[in-house]
Amino acid sequence: MPDLTLPDSNDSNGPRSLGRRLSMPIFLVVIGVGIIYCVTHLMHDLESVQQSSILPYLLLGVALMIALGFEFVNGFHDTANAVATVIYTHSLAPNLAVVWSGAWNFLGVLVSSGAVAFGILQLLPVELILGVGTSQGFAMVFALLIAAIIWNLGTWALGIPSSSSHTLIGSVIGVGLMNQMMHGPSGTSGVDWGQALAVGKSLLFSPLVGFILAGLLLYVMKLVVRVPALYKEPKKNTPPPFWIRCLLILTCTGVSFAHGSNDGQKGMGLIMLILIGTVPTAYALNKAVTPAETQTFLSVGHHASEVLGKYTNGAAPVADPRATVQHYVQTKTVAPDTVVALKQLTEIIDAQVGPSSSMATVPQNIVNNVRNNMYVASEALRLMDKQNAPTFAADDAAVLKNFKGQLDHSTKFIPTWVKVAVAVALGLGTMVGWKRIVVTVGERIGKTHLTYGQGASAELVAMLTIGAADVYGLPVSTTHVLSSGVAGTMAANGSGLQWRTVRSLALAWILTLPVSIGLAAGLFWVFRGLF
């Protein structure tokens, strides 16, 4: 087995040794700067909050610690996979690899759209999203995060690369199911199974894509790139040839960036729910929306109201527009008064935002109500477009799609400091827990040790697969894609697979959903009673 520890003192004067000695101080400085940045911006955001009780701040602190704890554990699994090949092949020292990967994870997080984060939240019942600041809202958040942390820690302790994405989605489904069971046939919505199916497909097919494409890529490489050194296993304490080392660092960089842009988002949506629930006056609406953008929002909203007016079919106004639209979101069934209620809700939003010069100046006493109105209207427009019911003319559908985009820009946002906090937590987790996963990826999937070419093939496919999923707003597992890619290269190489490890990986994949569903459902029931 390659030595995954730092070199001894005999190499203490070499440039690689100097890089290794400097990597930890650099890492700690980066982490420290990141923490200071996050705390400073959080305190700045809270300056405008008027709270008569310290309880919301205590809840905020506890919830943020648990949420960042989930991302820390996520670093054990998913981010550790991104650095597995460069550490195992001695292309980079462990500490330097973590710093390098963390930097590219951070860049990936910064450029992410948030589509994956909010796509996962769409699995949750709408009433839990709207009531995030209530007791059931906090029960939901704590149940989701703690269930995911328990399962991730358990699989990490066994050295099994398990999927944090898989776990979090199972936890979301568990909370949704328990919420429906606790309320019975009272009209309460459960899981959005249409959205769950779309997410499930991405989680199911991405490992198959990783296995097939990585194996095919290695086969093609052997035909085209006839360099024996590329297909040899790493030697103890010996870095690969320079060009191979560059190739492996490049693929590690790509996987890290793609991981940040996809996996790094998964805890962000929950962190935003925590912020909205505890300090809505600071985070319910996107204060970065400029006065000019606010005027555009109002203009588009007015146009959308006119468009909806064409499709009311003479229905009379309803007494409670938001409740009517929310009922449609829960049942996904268009009633005769659905469109007129959505038109009324659009006009209410316009009346609430109109007197203010920007989203930042909307009165504090109504911001949460405005945000909930916007969220329900956006979800209704999403479902109408998905169901094509009612059928809108092409020009009218474009207006409504534009309005939905304006609503999402005002409510579905992630502050930069949240992205920095997630990147810091991922980096710390990777630094602490990388070794177990690296050994599994390098030695326990195939019957032979991982070669340079196999590592490059698996990581290149993982990078492209995760990047493509991010474009479409679909969550995929870095763990599943990369480990299945390694297995594919072992099969293509004729190395054979260690079926004991493959069975463990498959068992973890199969059990993750039911276990996380059961854990989250049980915790949600317990926390509902406690809160």
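Everything quoted here is computed from the prediction, not taken from an experiment.
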If you look at every heavy atom in [X] and [Y], which pair is closest and at what distance?
X      : Y      : result
Ala282 : Asp45  : CB-O, 3.7 Å
Ser101 : Val83  : CB-CG1, 3.2 Å
Val255 : Ala462 : CG2-CB, 4.2 Å
Ala380 : Val329 : N-CG2, 3.8 Å
Asp408 : Lys404 : OD2-NZ, 2.6 Å
Gly170 : Ile517 : O-CG1, 3.1 Å

If you measure from [atom1] on [X] to [atom2] on [Y], what distance do you get to the nearest 0.5 Å?
X      : Y      : atom1 : atom2 : answer
Arg371 : Asn286 : CZ    : CG    : 12.5 Å
Tyr328 : Thr333 : OH    : OG1   : 8.5 Å
Ile366 : Leu285 : CD1   : CG    : 8.5 Å
Leu519 : Ser171 : CG    : OG    : 7.5 Å
Ile146 : Phe70  : CD1   : CZ    : 12.5 Å
Leu144 : Ile169 : CG    : CD1   : 11.5 Å

Side-chain touch [X]/[Y], heavy atoms, less than 4.5 angstrom:
X      : Y      : answer
Gln352 : Val362 : no
Pro317 : Gln344 : yes
Thr253 : Met463 : no
Thr278 : Tyr283 : no
Val418 : Leu42  : no
Leu46  : Tyr57  : yes

Determine whether a donor-acceptor pair (N or O, by modelled atom type, separation under 3.5 Å) exists between the side chain of [X] and the backbone of [Y].
X      : Y      : answer
Gln406 : Thr296 : no
Thr411 : Leu407 : yes
Gln326 : Glu127 : no
Ser299 : Gln295 : no
Ser484 : Pro207 : yes
Ser378 : Met374 : no
Thr290 : Glu293 : yes

- Task: Apply the side chain to side chain contact (heavy atoms under 4.5 Å, CB included) test between Met140 and each candidate in Leu273, Leu270, Val172; give the one that qualifies.
- Result: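 Going through Leu273, Leu270, Val172 one by one, the side chain to side chain contact (heavy atoms under 4.5 Å, CB included) with Met140 is satisfied by Leu273 alone.
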Query - Qualifying residue, where the test is side chain to side chain contact (heavy atoms under 4.5 Å, CB included) with Phe138 and the options are Ile274, Val132, Leu59, Val62 - result: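 Single pass found, and it is Leu59.
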Q. Between Lys310 and Asp396, is there a salt bridge with N-O shorter than 4.0 Å?
A.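 So Asp396 pairs with Lys310 through a salt bridge.
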Ion pair present between Glu379 and Lys412, side-chain N to carboxylate O less than 4.0 angstrom?
->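 Yes, charged N to carboxylate O under 4.0 Å.
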Val209 and Val481: CA distance, side-chain angles, deciding distance, side-chain contact (heavy atoms from CB on, under 4.5 Å) verdict = CA-CA 8 Å; Val209 170; Val481 175; over 6 Å; no
- Message: Ring-plane angle category for Phe403 and Phe297, please: parallel below 30°, perpendicular beyond 60°, tilted otherwise.
- Response: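 Ring orientation, 0 to 90° scale: tilted.
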Item to check | Donor-acceptor pair between Trp100 and Ser256 side chains, under 3.5 angstrom | outcome: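 The answer is no; no qualifying pair exists.
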With side-chain contact (heavy atoms from CB on, under 4.5 Å) as the criterion, how do Ile149 and Ile66 come out once you've worked through the C-alpha distance, each side chain's angles and the decisive distance to 0.1 Å? CA-CA 9 Å; Ile149 289 171; Ile66 295 175; 4.2 Å; yes
message = Just checking Asn365: does its CG atom have more than 12 heavy atoms from other residues, nucleotides or ligands closer to it than 6.0 angstrom?
response =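 Counting neighbours around CG of Asn365, more than 12 heavy atoms of other residues, nucleotides or ligands fall under 6.0 Å, so yes.
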Step through it carefully: locate the ring centre of His409, locate the ring centre of Phe413, and say whether they are under 6.0 Å apart.
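Not under 6.0 Å, so no.
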query: How about Phe392 and Tyr311: are their ring centroids closer than 6.0 Å?
result: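 Aromatic pair counts; centres sit under 6.0 Å.
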- By side chain to side chain contact (heavy atoms under 4.5 Å, CB included) - contacts of His44 (at least two apart):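 Scan of His44 (side chain to side chain contact (heavy atoms under 4.5 Å, CB included), adjacent residues dropped) gives Glu47.
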Q: Decide yes or no on side-chain contact (heavy atoms from CB on, under 4.5 Å) for Lys401 and Leu381, but give the supporting numbers first.
A: CA-CA 8 Å; Lys401 184 177 181 179; Leu381 290 170; over 6 Å; no
Next item on the list: Before giving the answer on side-chain contact (heavy atoms from CB on, under 4.5 Å), spell out for Val325 and Thr338 the whole-Å C-alpha distance, their side-chain angles and the decisive distance to 0.1 Å.
Entry: CA-CA 6 Å; Val325 177; Thr338 299; 5.7 Å; no
**Report entry** Pairs meeting criterion side-chain hydrogen bond (donor to acceptor under 3.5 Å, both in side chains) with involvement of residues 518-531, two or more places apart
**Finding:**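 For residues 518-531, and leaving out neighbouring residues, the side-chain hydrogen bond (donor to acceptor under 3.5 Å, both in side chains) pairs sorted by first residue read Gln136-Arg528.
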